[in-house]
Amino acid sequence: MDQVEQQLEVSLSENQRIALEQAVQGRIEEAVGKAEEQHAGQMHDLRQELEETSRHVDALRKQRFDEQVDTAIQTAKAKNKEAVLALLDMEKVQLDETGHLTGLQEQLNALRAREGYLFEEGCLTGSKGNFGREIEPMGPIGLSDAIARHYHRR
């Protein structure tokens, strides 16, 4: 009987060891599951933060793009910005890596050649070129200044 009892004790100890290992394995699996849930929540939060940052960067790029387009149209001395914008192919205008517009100036030049009436011709005020005269500043002047200016021009 001693052998049977020893085998039984060995079987019980092996069964206990197996049960203990199964319990440890269950606890490990439970801990892994909790860690995955926690990391899944963190990953979700990080994805949302990334999407928000991406939207913010896109909005800043669009703002910079729009500001540069407006500046270029102003510099080209367009009389009506909306009319000029309607005639431009904005799909061909891009911001390069350095933050400068490409494709816009060529279109503005071509548009000026085709539809010149949309743009001011040269500098109309504040310079010589308006029939060779300087435009006088507006405002009251004295009689002596008016006489001096009159005779000085001749």
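Below, all heavy atoms of this structure are taken into account, side chains as well, without hydrogens, waters or symmetry copies.
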Nearest 0.5 angstrom please: [X] [atom1] to [Y] [atom2], how far?
X   : Y    : atom1 : atom2 : result
Q68 : R64  : CD    : CZ    : 4.5 Å
K92 : E106 : NZ    : CD    : 10.5 Å
E36 : E29  : CD    : CD    : 10.5 Å
D66 : Q63  : CG    : CD    : 8.0 Å
Q74 : K81  : CD    : NZ    : 8.0 Å

Q25 and E21: side-chain donor and acceptor closer than 3.5 Å? no
Scan side-chain atoms only and decide if Q42 and H39 contain a donor-acceptor pair under the 3.5 Å cut-off. yes
Other cluster members, V93 - Ile/Leu/Val/Met/Phe/Trp/Tyr, side-chain contacts below 4.5 Å: F65, V69, I73, V84, L85, L87, L88, M90, L95, L101, L104, L108, L111, Y117, L118, F119
Does R27 have more than 12 heavy atoms from other residues, nucleotides or ligands lying within 6.0 Å of its CZ? no
The criterion is side chain to side chain donor-acceptor pair (under 3.5 Å); which residues satisfy it with E97, sequence neighbours excluded? none
Tabulate below the donor-acceptor pairs under 3.5 Å that side-chain atoms of residues 53-60 make, not counting sequence neighbours, or state none.
from, atom 1, to, atom 2, distance (Å)
T53, OG1, E49, O, 2.8

Is a donor on one side and an acceptor on the other found under 3.5 Å between the side chain of Q107 and the backbone of D89?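 Flag set: sc Q107 to bb D89 pair under 3.5 Å.
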Looking at K34 and E30, is there a salt bridge between them, counting it only when a charged N and a carboxylate O are closer than 4.0 Å? yes
Have a look at Q22 and tell me which of I18, V24, L20 forms a side chain to side chain contact (heavy atoms under 4.5 Å, CB included) with it.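 For Q22, the side chain to side chain contact (heavy atoms under 4.5 Å, CB included) check succeeds only for I18.
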